[in-house]
There are 2 protein chains.
Amino acid sequence: MTQDYSHFPRHLVAVDCIIFGFDGENLKILLVQRNFEPKMGEWSLMGGFIGDEETSDEAAQRVLNTLTGLENIYLEQLNSYTQIDREPTARIMSISYYALINIEKNIQINEKYSAKWFDLKDRPDLIFDHNDMVKDAVLRLRRRATTRPIGFELLPKKFTMKDLQNLYEAIFDEKYDKRNFTNKINALDVLVKTAEKDMSSSKKGSFLYTFDEEKYNKKIAEGFMFKI
Amino acid sequence: MTQDYSHFPRHLVAVDCIIFGFDGENLKILLVQRNFEPKMGEWSLMGGFIGDEETSDEAAQRVLNTLTGLENIYLEQLNSYTQIDREPTARIMSISYYALINIEKNIQINEKYSAKWFDLKDRPDLIFDHNDMVKDAVLRLRRRATTRPIGFELLPKKFTMKDLQNLYEAIFDEKYDKRNFTNKINALDVLVKTAEKDMSSSKKGSFLYTFDEEKYNKKIAEGFMFKI
DNA sequence: ACAAAAGTGTTCTCAATACACCCATGT
DNA sequence: ACATGGGTGTATTGAGAACACTTTTGT
């Protein structure tokens, strides 16, 4: 006897994306303004329903691509949210994803969605359980940032040590000692110091670094811990 | 205008439970033998579909209760698995949960499901993507075990220091030094040494401990890290 | 000359590790 | 008396944290 699925309940399942960016100073989040009821005009995460022919990962990539035009975004699945009344109009489950994108890439944000970057610490109240999703995503981001130098995805190709420190300070909402930070990063041995300097921030100028992708991937494969 | 959901696809969504136990020596997993096609007779995780009137958490509790008769089991949501062909007969999404249960509680395992405890390290091959689910669950269990003394759920009320060490060795698949382990556990200050001894393992007998639930909860609230 | 940010090393402290002997008891 | 597992403390090492002055250069 083979299972007959016809009378099992079926559900609407969406994905919602927590999109993080970094502007060199603060951690940012990309939010969209609802243009339909309910809660029209309020801010929310970008989301969409999972189709019959796509996985949740694919749906999240599609949703992000629709909004930003970017392909192959760094995405990680977070949690499922299945409260029955989490949306007022229908029972909709949602799988959340967090995305890391480099703000400097010239993103063509689709104007249809009235999207806007907010400082993570100064974001508006969101609809439904999206505030919870963001909180969970920040926790995951912090955890992830101790396992691998997340900066790869959030920083431009070339960046200063200060940028990197600012990023970690923004992620963990803490201040670090400049010397200890530099020492620890250098001990990791995944950065390459270029000959170039960024002259915009000071008279002296500060050296630009890039990630050594090969060393970086090797470290990850070996499983390293990156505690600041 | 309000959203009309009628032509969005709807999906079958299941929960699958990775049920861990501990017998004092080895980490165990409770598996069920399929009694329907496809893959009848093979071993799998216990699972079930999410109904219209329940959250995924509730569905997981229900599934576990059906199998073991236990209520209020320690459960934690893990991941969603949404590969389109993860089951051959229909597109079924699954949200995995891991459960920790104390094997000593006299569990009435529902015979309908031909369930059996296996050594985690010596378990049979599972159907579909259930092997992946178990692997992911073990990783999460390890992570969780560094955040809180998981033993609470997996050990009987009273246990010896050796039991606790065996548990951690089973979870991390490593051996620890007896003195260092004891020192570290005592430093945590969450155990109470009782006057009783377990005489079954040696002539001398070994003291039994219990968790100090109050101190334990206080520590968790303060957010402690428990690295062995 | 001075202001403003960049760059750089050492000391101290504490936690993690390694390690070996005596104890209590049933046989 | 001896065999078996239980129980205990110390010394060493290494990593993380605290900490301040010099350098460069545009104005």
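Quick caveat, the model's predicted, so the values are computed rather than measured. These numbers come from the heavy atoms of this one structure, side chains and all, not from hydrogens, waters or symmetry mates. Chain naming here is simple, since letters A, B, ... match the order of the sequence lines and numbering starts at 1 in each.
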Measure from NZ or CZ of [X] to the centre of the six-membered ring of [Y], then state whether that distance is under 6.0 Å and the direction lies within 45° of the axis.
X         : Y         : answer
Lys157(B) : Phe159(B) : no
Lys193(A) : Phe207(A) : yes
Lys116(B) : Phe118(B) : yes

What is the distance, rounded to the nearest whole Å, between atom [atom1] of [X] and atom [atom2] of [N]?
X         : N       : atom1 : atom2 : value
Asp177(B) : dG9(D)  : CG    : C1'   : 12 Å
Lys204(A) : dA5(C)  : NZ    : P     : 13 Å
Met161(B) : dG5(D)  : CE    : C1'   : 15 Å
Asp163(A) : dA5(C)  : CG    : C1'   : 13 Å
Lys162(B) : dG7(D)  : NZ    : P     : 11 Å
Gln165(B) : dG7(D)  : CD    : C1'   : 12 Å
Asn180(B) : dG9(D)  : CG    : P     : 14 Å
Tyr176(A) : dA17(D) : OH    : C1'   : 13 Å

Under 3.5 Å, which donor-acceptor pairs link side chains of residues 179-186 of chain B to any protein atom two or more places apart or in another chain?
from, atom 1, to, atom 2, distance (Å)
Thr182(B), OG1, Lys178(B), O, 2.7
Asn186(B), ND2, Thr182(B), O, 3.3

- Message: On DNA chain C, compare the nucleotides closest to Thr160(A) and Gly205(B); which residue's is nearer the 5' end?
- Response: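 Residue closer to the 5' terminus by nearest nucleotide: Thr160(A).
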- Message: Any heavy-atom pair between the side chains of Ile19(A) and Ile29(A) that's under 4.5 Å?
- Response: no
- Could you say whether Lys203(B) or Tyr209(B) is positioned toward the 5' end of DNA chain D, judged by the nucleotide with the nearest heavy atom to each? Lys203(B)
- Shortest non-hydrogen contact between Ser56(B) and Ile95(B), atoms and distance: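 Of all heavy-atom pairs spanning Ser56(B) and Ile95(B), the closest is CB-CD1, 3.9 Å.
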- Item | Within residues 183-201 of chain B, residues whose heavy atoms come under 4.0 Å of DNA chain D | Asn183(B), Lys193(B), Ser201(B)
- Note on the structure: From the candidates dG9(C), dG7(D), dA6(C), the one with an atom nearest any side-chain atom of Arg179(A) is dG9(C)
- Message: Nearest 0.5 angstrom please: Asp132(B) CG to Arg86(B) CZ, how far?
- Response: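 Separation between the atoms: 9.5 Å.
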